[in-house]
Amino acid sequence: MSLTEEMTLPSIDNLDPKEFIIIKNARVNNLKNLSVAIPRNKLIVITGLSGSGKSSLAFDTLFAEGQRMYVESLSSYARQFLGRMEKPDVEYIKGVSPAIAIQQKVTTKNPRSTVGTTTEIYDYLKLLFSRIGKTISPVSGEEVKHHSVTDVVDFIHEFDEDDKVMITCPLHLMKGRSMNQELELLLQKGFTRILVEGDPYFVEDMVGSEVLPSGDFEILIDRASIRHQDEDNIFRIADSVQTAFFEGHGDCTVLIPGKDKRTFSDRFELDGMSFELPSVNFFSFNNPYGACKTCEGFGSVLGIDPDLVIPDKSLSVYEGAIAPWRGETSGKWLEPLLKKGIYFDFPIHRAYEDLSDSEKELLWTGNSHFKGLNEFFADLETKTHKIQYRVMLSRFRGRTTCPDCKGTRLRKDASYVKLGGKSITDIVLMPIDKAFRFFQELELLDNEKKVANRLLKEILNRLEYIDKVGLGYLTLNRLTSTLSGGEYQRIKLATSLGSALVGSMYILDEPSIGLHPRDSDRLIEVLKSLRDLGNTVIVVEHEEKIMKAADQIIDIGPDAGVLGGELVFQGNLEEMMFRGNSYTAKYLKGEEKIQDKKQNRKWRDSIVIKGARENNLKNLSVKFPLHTLTVISGVSGSGKSTLIKKVLYPALGKMLGTVIDETGKFDKLEGDYKKITQVEFVDQNPIGKSSRSNPVTYVKAYDAIRTLYADQTLAKQRGYKPAFFSFNVDGGRCEACQGEGTVTVEMQFMADIHLTCESCKGKRFKNEILDIKFKDKDISEILDMTIDEAMDFFKGKPAIINKLQPLQEVGLGYIGMGQSSNTLSGGEAQRVKLASFLVKGGTKPGDHVLFIFDEPTTGLHFHDIKKLLHSINALIEQGHSVIIIEHNTEVIKASDWVIDLGPEGGENGGNITFEGTPEALMEAEGNFTAKYLRESFQ
């Protein structure tokens, strides 16, 4: 279908680049001479099957050209690579604005990077606290103040014209000096008079005198008359006050004879404590001045992990709650506590979890009757020359919250500086929605408002946008590296909104990932805000709600891979529903359905987690059915990932001896968990650490292909073994790029550039290896094929076909055989892992594997979800169990059992709001998931 059939626009060559971003005849990857005009300053959704060419159009064409044009404007250092930076394969692109790509990949692994620093909110907080923060003494709770020269001069000028003023300071006798020596030194400095108990004396007369008056000595710095309009007089008084502060070691006394006498201090002290003056670096954990000295600004230290010391908190001290004191030898440390606990009223028979905080603390600190755990571990430290003690210590060590800064990363005295009764550490530990409300309600004095107005505006802007994109449950102290791809993308989106750029082209890669439909509404508001600022917002997306909100939909297809790459529709939603004929249109119209479920599977066996309390979980007891498809749903931040990733998965894995991850807090594992023989967590992390890893090696199909090529006649004649056809080892691979096909150039100011290897021209192998052919194709051409093409090519080769087929079944027929794993999206990587399990047939007969999927519909079109559910159901038919963390209402409909968490995210989440079948969930009142499930059935 041509562009002109779908758009009531003039010929693409006659369009105005000020009104449209015009792409003519794009041939990047699988795009087939695609021409499209994208209206400026609109919200555009690019959709289509996975692999149809959406990302090729949005990122590899539009963004690549925007980046190339940007680099062109940079220094000569950057431009030396320009000749090698390939232009997108396109006839022309007109009207490209400065391009900003916001992708799902969490690009930082920096242990110091937090949500606060990534969004720049923390930089503004540091400035705010250093400028208007009040230092409060932890002793008396009073504000710590100090006087400046200006304060003293202002005080003096409150008095009448021609009033006399005396400025004095205490005389401090330096160590090792006599009073006579001190007076001689004063004379040399130019001071002529001394006051003793208020009486004046000439210094000259006192030097050498054997008898000196008794009392407090003060240096008379200056005597003057007050002249309000005389600048010289004002400067003279200010200079004298400065001198008094210096000579008096921070003290200065002003005497207005007959009227007033007052002492000033420029020392920042109160209650016998000296405080630091707030500055920007004082609040920076990335600076040695502000960072906590114990953890050096990381927030955690390698120490004794309390959860390992007391693993089962439902036990009492008497029952052996303290793991290191269970042995015969170490049990001697426990005896005094059991025998003498009655003297200090310690409940040895009460469960540890029911003890008060002070009683728990007592176990660590000890008292006069028994030695605590701290002393026990300190004793072990002294015996580390013996291996058994080193082993024992290692069993209870782990990354623990820093005891000094409590995980806030800042020096302790930074928390003395308050604003509205809260310190900067209090604010970074608050959920963002609470922090937003705090700053909205913050009351300041008029002069404070003048100083802080601009800073507060920037902070509120960014906090509001983060809350709007559905991340109000995060804290500013949360490590960036622990965010999911979707969360990271929305953080970057909120940062972009906060900086209020205009005239730019934003390209987003599925920002709805990880969002409950309730939060999708808020995301749409944010995308529209970005558009209304004067930007073109281009979103690669499958979410129906976002399509409905778009000004225009661009549908790429009709199928994936070589069968895609064409513009099949461009227009708004109404036009698509009226005349669209693509897969997207058919699913939106209801002509095609993802799945018609016959009935829910019946189940008897289940796994039960009791007392889950990790993060925001509120002491949950949850039943997970076996031999079924179970979905864990709930709004973003409600505790789904915590329950499954932090509690269920490690708890089961440790029972099976296959997982060493730290287990979240819970009481016990019950039910039929012994029937599980294996637990597999299929997440969205890359399928391999190396860029050489690819789908065909991951599913072990490449081994059979290498063997096939080594069996060719010419290969046998030359003595080529299968290893010669590997790009991972020396032999047949190109040594210039070591089988990568590309060479990476590190750029100091922007992302690294990957250039095609000039030696092998991207083919990865030496020329002599490429002489070996099967059906006229060399090994490099095989790696360039898609999975679909390879399935046709290798017909009659079951060793290869059987391993590739699951990739096709999970909807990945469009990806390249040799496509680098780091170019796969999170959802694609997850489906490659699923395919590898289908290749194995899971397992030996009689095995029962529990598969856990983390949002497997990420990046999937309706048509691909259909294929995915078919593969997941195939696992259940083989006798396995599947648990999915998911927001997609189609997957919830297709499940047998739903566990819904909520009702909100963060502190207001962590409760079970529903357990049962999806049909029963639809009847639930006041449940967010139920509401959107009902809507999807209409």
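FYI, the numbering just counts along the sequence from 1.
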Could you tell me if the side chain of Tyr289 sits less than 4.5 Å from the side chain of Ser284, heavy atoms only? no
Handout entry: Lys371 with Asp379: basic N within carboxylate O range, under 4.0 Å
Key = no
**Q.** Backbone of Gly637 reached by a side-chain donor or acceptor of Asn616 within 3.5 Å
**A.** yes
CA sep, side-chain torsions, deciding dist, call: Arg409, Glu296, salt bridge (Lys or Arg N to Asp or Glu O under 4.0 Å): CA-CA 7 Å; Arg409 304 151 172 259; Glu296 297 180 344; over 6 Å; no
| said: Between Leu901 and Leu643, does the side chain to side chain contact (heavy atoms under 4.5 Å, CB included) criterion hold? Intermediate values first, please. | reply: CA-CA 10 Å; Leu901 299 185; Leu643 177 62; 4.2 Å; yes
Check the surroundings of atom NZ in Lys457: do more than 12 heavy atoms from other residues, nucleotides or ligands lie under 6.0 Å from it? no
TODO: Report yes if the side chains of Val152 and Ile156 come closer than 4.5 Å at any heavy-atom pair, otherwise no.
DONE: yes
Beyond-backbone contact of Val115 with Ile491, side-chain heavy atoms, under 4.5 angstrom
yes
Query - Any donor-acceptor pair under 3.5 Å from Lys645 side chain to Phe681 backbone - result: no
Do the non-hydrogen side-chain atoms of Leu471 and Ile432 ever get within less than 4.5 Å of each other? no
- prompt: When you measure from the side chain of Thr480 to the backbone N and O of Ser113, does any donor-acceptor pair fall under 3.5 Å?
  reply: yes
Practice item. With ring pair (Phe, Tyr, Trp, His ring centres under 6.0 Å) as the test, would you mind laying out the steps for Phe264 and Phe155 before giving the verdict? Key: CA-CA 10 Å; Phe264 297 88; Phe155 168 75; 5.3 Å; yes
When rounded to the nearest 0.5 Å, the distance separating CG of Leu474 from CG of Asp467 is 10.5 Å
- [ ] Would you mind checking if Lys418 and Glu143 are paired as a salt bridge, meaning a charged N to carboxylate O distance below 4.0 Å?
- [x] no
message: Other residues, nucleotides and ligands only: do more than 12 of their heavy atoms fall within 6.0 Å of CZ on Arg395?
response: no
Taken to the nearest 0.5 Å, the spacing of Leu530 CG from Tyr465 OH works out to 8.5 Å
With a 3.5 Å cut-off and sequence neighbours excluded, list the donor-acceptor pairs that the side chains of residues 435-450 form with protein atoms.
from: Glu448; atom 1: OE1; to: Leu445; atom 2: N; distance (Å): 3.0
from: Glu448; atom 1: OE2; to: Lys134; atom 2: NZ; distance (Å): 2.4

For Thr135 and Pro278 the tightest heavy-atom approach is OG1-CG, 3.7 Å
Below 30° counts as parallel, above 60° as perpendicular, anything between as tilted: where do the rings of Phe268 and Phe275 land? perpendicular
Assess, by modelled atom type and distance only, whether the side chains of Thr114 and Asn477 contain a donor and an acceptor separated by less than 3.5 Å. no
dist Arg411:CZ -> Thr294:OG1 (nearest 0.5 Å) comes out at 12.0 Å
**OP:** Is it possible for you to check whether Lys360 lies under 6.0 Å from the centre of the six-membered ring of Tyr352, through NZ or CZ, and within 45° of that ring's axis?
**Re:** yes
| said: Is there a side-chain contact between Thr253 and Cys169 in this structure, where contact means two heavy atoms from C-beta onward sitting under 4.5 Å apart? | reply: no
Thr408 side chain to Thr425 side chain, donor-acceptor N/O pair below 3.5 angstrom:
no
CG (Leu270) and OG (Ser140) are apart, to the nearest 0.5 Å, by 4.5 Å
dist Asp151:CG -> Cys252:SG (nearest 0.5 Å) comes out at 11.0 Å
Open item on the list: Please evaluate residues Thr475 and Val428 with respect to the criterion side chain to side chain contact (heavy atoms under 4.5 Å, CB included), reporting the C-alpha separation (whole Å), side-chain torsions for both, the decisive distance (0.1 Å), and the verdict.
Closed with: CA-CA 6 Å; Thr475 63; Val428 297; over 6 Å; no
ask   = Considering only heavy atoms from C-beta outward, does the side chain of Lys646 approach that of Leu617 to under 4.5 Å?
value = no
**Asked** Would Lys383 count as a cation-pi partner of Tyr389, with NZ or CZ less than 6.0 Å from the six-membered ring centre and within 45° of the ring normal?
**Response** yes
Residues Asp271 and Ser137: closest non-hydrogen pair is OD2-OG, 2.6 Å
Assess whether side chain to side chain contact (heavy atoms under 4.5 Å, CB included) is satisfied between Glu142 and Ile136, documenting all intermediate values. CA-CA 6 Å; Glu142 297 289 320; Ile136 306 298; over 6 Å; no
When you compare the side chain of Val309 with that of Trp364, does any pair of heavy atoms fall below 4.5 Å? yes
Measuring only between side-chain heavy atoms, which start at C-beta, is Lys640 closer than 4.5 Å to Ile644?
no
Looking only at side chains, do Ser279 and Ser130 share a donor and an acceptor under 3.5 Å apart?
-> no
Practice problem: Look at atom NZ of Lys189 and say whether more than 12 heavy atoms of other residues, nucleotides or ligands are closer to it than 6.0 Å. | Solution: yes
Using modelled atom types only, decide if a donor and an acceptor are shared between the side chain of Arg390 and the backbone of Thr384 within a distance under 3.5 Å.
yes
In terms of heavy-atom contacts, Val149 and Ala238 come closest through CG1-O, 3.6 Å
* Between the side chain of Arg131 and the main-chain N/O of Lys126, is any donor-acceptor distance below 3.5 Å? -> no
Between Ala414 and Phe282 the two heavy atoms that sit nearest each other are CA-CE2, 3.6 Å
Start with the C-alpha distance between Leu373 and Ile304, add both sets of side-chain angles, then the distance that settles side chain to side chain contact (heavy atoms under 4.5 Å, CB included), and finish with yes or no. CA-CA 10 Å; Leu373 281 161; Ile304 301 302; over 6 Å; no
| request: Report the C-alpha distance between Tyr122 and Phe285 in whole Å, list the side-chain angles of each, state the deciding distance to 0.1 Å, and finish with yes or no for ring pair (Phe, Tyr, Trp, His ring centres under 6.0 Å). | output: CA-CA 11 Å; Tyr122 195 73; Phe285 49 78; 5.1 Å; yes
Scanning both residues in full, the closest heavy-atom pair of Glu907 with Lys618 reads O-NZ, 2.8 Å
All heavy atoms of Leu410 vs all of Cys405, minimum pair found to be O-CB, 3.3 Å
To the nearest 0.5 Å, atom CG of Leu455 lies from atom CG of Asp123 at 11.0 Å
